[in-house]
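A quick note: this is a predicted structure, and the numbers were derived from the prediction, not measured. Quick note: residue numbers are just sequence positions, from 1.
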Amino acid sequence: LQLETDLRRAIERQEFRLHYQPLISLQTGKIAGFEALVRWQHPDRGLVPPNDFIPVAEETELIIPMGKWITHEACRQLKIWQEQFPQEQPLLVSVNLSGKQFSQLNLVEQIEQTLQETGLSGHSLKLEITESIAMTDVESTIALLQRLKALHLQLSIDDFGTGYSSLSYLHRFPTNTIKVDRSFVSRMGDESEDSQIVQTIILLGHNLSMDIVAEGVETAEQLASLRTLKCEYGQGFFFSKPLVVEAATALLKSDP
Ligand code: G
Ligand code: G
Ligand code: NA
Ligand code: MN
C-alpha cells in the first residue's frame, strides 16, 4: 500500500526516468534505434528497477498514466536524436506495453496524440508486447494491432519462445518483428539445443516476413552465430547496457 501511495506521488513529481538500450543492426554494426526502459528515481531508495514497481503499477492501473508518460517521453527524446543524427534509415524507439495498457480503450487515440504532440513519425515508434499478452485474446490482439498498424507503427512480439504461441495465429499478427527471448540467446553454443531453437525461430520469422531481434547478446560467439543465421538485429550487454540519455547521445556521436 505504501508502494502504491509512493507510485501515485512519483507520477505527480515526475520521478520516472527512461534508460535507452541500443538496438544494433547486425549487418552494418550501426545503432538502428533504442529500447526505452523505465526506472524510478526514488527520493530515498535511489534508482528502482521496473520489476520492483511495474507489477504494482499494473494491479493499481497506475500503469496507464505511467505508460502514457513513458511513450510520450520516448517519442520526444527520439525526435531530438533524429534531428541531431539524421540518417538514411531514421533511428527508431521501442516501447514496452503492459497487458493493462494493451486492453486500455483509448490506447490508439493516446498514441496518435503523442505522435502529433512530439512530431515523431509513426514509422519510428515500435511497440513491444509480450507473446503471453498477444496470445491472451488473439482476435482482439489482431484487431488492436491492425489499428496501431494504421498509424504506421512498427509492432514487435517480445520474449518470444517463453509463452504458449499458437503458430497458426502468428501469421495473422500484423507484426514486423519477433524478439527472441534472451534465455535462448544466452544458452547458444555449438550444437546446443538452444542454438537450434534460435535458428528455428529465425526461420519461422523470416517465413512470415518478420525481422528478428536477438536480445541478451553477451558474447562475440553469440554475435557470430546470429550473423550466420541472418538475424537482423541484436541487443545486449555485448553492445551496451541500457544508458542514460547523455551516454546514449555520446554513443550516437561515436557511432561510425
Ligand atoms: O530494464 P530491466 O531489464 O530491469 O526490465 C525488467 C522488465 O521490466 C522487463 O521485462 C521489461 O520489459 C520491463 N519494463 C522495462 N521498462 C518498461 C516499460 O516502460 N513499460 C513496461 N510495461 N515494462 C517495462
Ligand atoms: O523483458 P525485456 O526483454 O523487455 O527485458 C529487457 C531487460 O533486459 C532490460 O531491462 C535489460 O536490463 C535486460 N538486458 C538487456 N540486455 C541484457 C543482456 O545482455 N543480458 C542480461 N542478462 N540482461 C539484459
Ligand atoms: Na522488451
Ligand atoms: Mn524481452
Side-chain angles (χ1 to χ4, degrees), residues 1-23 31 33-84 91-120 124-130 133 153 156 158-159 179 182 215-216 235-237 239-253:
L1 206 71
Q2 184 57 41
L3 186 57
E4 181 180 343
T5 311
D6 283 2
L7 268 181
R8 276 183 205 285
R9 205 160 42 201
I11 295 173
E12 287 160 25
R13 294 184 181 174
Q14 308 191 345
E15 291 172 353
F16 297 105
R17 304 283 178 267
L18 295 186
H19 286 191
Y20 295 91
Q21 186 174 39
L23 170 77
I31 299 172
F34 295 93
E35 178 175 358
L37 295 156
V38 71
R39 276 92 178 90
W40 179 7
Q41 187 64 59
H42 192 282
D44 312 318
R45 292 165 62 195
L47 205 61
V48 183
N51 286 334
D52 292 3
F53 64 88
I54 294 274
V56 177
E58 280 258 300
E59 277 166 37
T60 54
E61 309 227 355
L62 286 168
I63 192 71
I64 303 294
M66 199 185 293
K68 184 179 177 189
W69 179 84
I70 290 166
T71 308
H72 194 280
E73 179 60 15
C75 291
R76 190 189 67 78
Q77 181 58 50
L78 191 76
K79 183 72 180 171
I80 293 172
W81 278 329
Q82 283 187 341
E83 288 173 357
Q84 204 174 351
L91 292 167
L92 69 86
V93 72
S94 203
V95 171
N96 291 285
L97 286 192
S98 75
K100 278 272 161 56
Q101 287 174 279
F102 202 62
S103 46
Q104 179 190 346
L105 281 175
N106 65 349
L107 177 70
V108 179
E109 289 74 14
Q110 189 184 96
I111 287 175
E112 195 170 16
Q113 187 188 352
T114 295
L115 292 173
Q116 275 170 9
E117 286 171 0
T118 59
L120 189 73
S124 304
L125 174 62
K126 185 181 276 194
L127 297 182
E128 300 194 4
I129 55 162
T130 64
I133 294 170
L153 300 194
S156 179
D158 198 7
D159 300 344
K179 284 188 93 167
R182 72 164 175 264
E215 39 177 51
Q235 230 181 288
F237 296 164
F239 306 109
S240 170
K241 64 181 179 29
L243 302 169
V244 298
V245 169
E246 294 74 18
T249 303
L251 197 65
L252 283 166
K253 277 190 183 138

- prompt: What are the two closest heavy atoms between Q235 and P22, and how far apart are they?
  reply: CG-O, 3.2 Å
Pair R76-E73, salt bridge (Lys or Arg N to Asp or Glu O under 4.0 Å): steps then yes or no: CA-CA 5 Å; R76 190 189 67 78; E73 179 60 15; 2.9 Å; yes
query: Is the shortest heavy-atom distance from the side chain of L3 to the side chain of D52 under 4.5 Å?
result: no
field: Distance (rounded to the nearest 0.5 Å) between I54 CD1 and M66 CE
entry: 6.0 Å
field: Stepwise salt bridge (Lys or Arg N to Asp or Glu O under 4.0 Å) test for E4 and R8
entry: CA-CA 6 Å; E4 181 180 343; R8 276 183 205 285; 2.8 Å; yes
statement: Rounded to the nearest 0.5 angstrom, the CG-CD distance for L7 and E59 is 10.5 Å
- prompt: Looking at side-chain heavy atoms only, is the closest gap between P49 and R39 below 4.5 Å?
  reply: no
query: Does the side chain of F53 come within less than 4.5 Å of L62's, by heavy atoms?
result: no
- prompt: Can you name the closest pair of heavy atoms from A36 and N96 and give their distance?
  reply: O-ND2, 3.7 Å
message: Quick check for you: to the nearest 0.5 Å, what is the distance between L153 atom CG and L92 atom CG?
response: 11.5 Å
query: Within a strict 4.5 Å, meaning less than it, do heavy atoms of the Q77 and L18 side chains meet?
result: no
task: Report the C-alpha separation of L97 and L107 in whole Å, then their side-chain angles, then the decisive distance to 0.1 Å, and conclude whether the side chain to side chain contact (heavy atoms under 4.5 Å, CB included) test is met.
output: CA-CA 10 Å; L97 286 192; L107 177 70; 3.9 Å; yes
message: For the CG atom on L105, are there more than 12 heavy atoms of other groups (residues, nucleotides or ligands in this structure) within a distance under 6.0 Å?
response: no
task: Supply the atom-to-atom distance R13 CZ to Q41 CD, rounded to the nearest 0.5 angstrom.
output: 13.5 Å
message: Would you say that L120 contacts Q82 through its side chain, given a criterion of any heavy-atom pair below 4.5 Å between the two side chains?
response: yes
Side-chain touch I111/L127, heavy atoms, less than 4.5 angstrom: yes
task: State, yes or no, whether a side-chain contact exists between S124 and L78 at a heavy-atom distance under 4.5 Å.
output: yes
message: Let me confirm one number: the CD1-CG distance from I64 to N106, rounded to the nearest 0.5 Å.
response: 8.0 Å
message: To check you understand the geometry: which heavy-atom pair defines the closest contact between L37 and P242, and what is its length?
response: CD1-CG, 3.7 Å
field: The single option from K179, Q21, K126, H19 passing side chain to side chain donor-acceptor pair (under 3.5 Å) against E35
entry: K179
Flag, side chain of K79 to backbone of G119, donor-acceptor distance under 3.5 Å: yes
message: Which label fits F16 and W40: parallel for a plane angle under 30°, tilted from 30 to 60°, or perpendicular past 60°?
response: tilted
- prompt: Below 4.5 Å, heavy atoms only, C-beta onward: do L125 and T114 meet side chain to side chain?
  reply: no
message: One pair to check against side chain to side chain contact (heavy atoms under 4.5 Å, CB included): Q110 and T71. What are the steps and the verdict?
response: CA-CA 9 Å; Q110 189 184 96; T71 308; 5.5 Å; no
Please output the side-chain donor-acceptor pairs of residues 245-253 that fall under 3.5 Å, not counting sequence neighbours, one pair per line with the distance.
unit_1	atom_1	unit_2	atom_2	d
T249	OG1	W81	NE1	2.9
T249	OG1	V245	O	2.9

message: Strictly distance-based, threshold 3.5 Å: is any side-chain N or O of E215 a donor or acceptor partner for the main-chain N or O of D159?
response: no
- request: Quick one: closest heavy-atom pair of E58 and G99, and the distance?
  value: OE2-N, 3.5 Å
Distance-minimising heavy-atom pair for G33 and L91: N-CD2, 4.1 Å
- request: Would you name the heavy atoms of I63 and S98 that are closest together and state the gap between them?
  value: CG1-OG, 3.4 Å
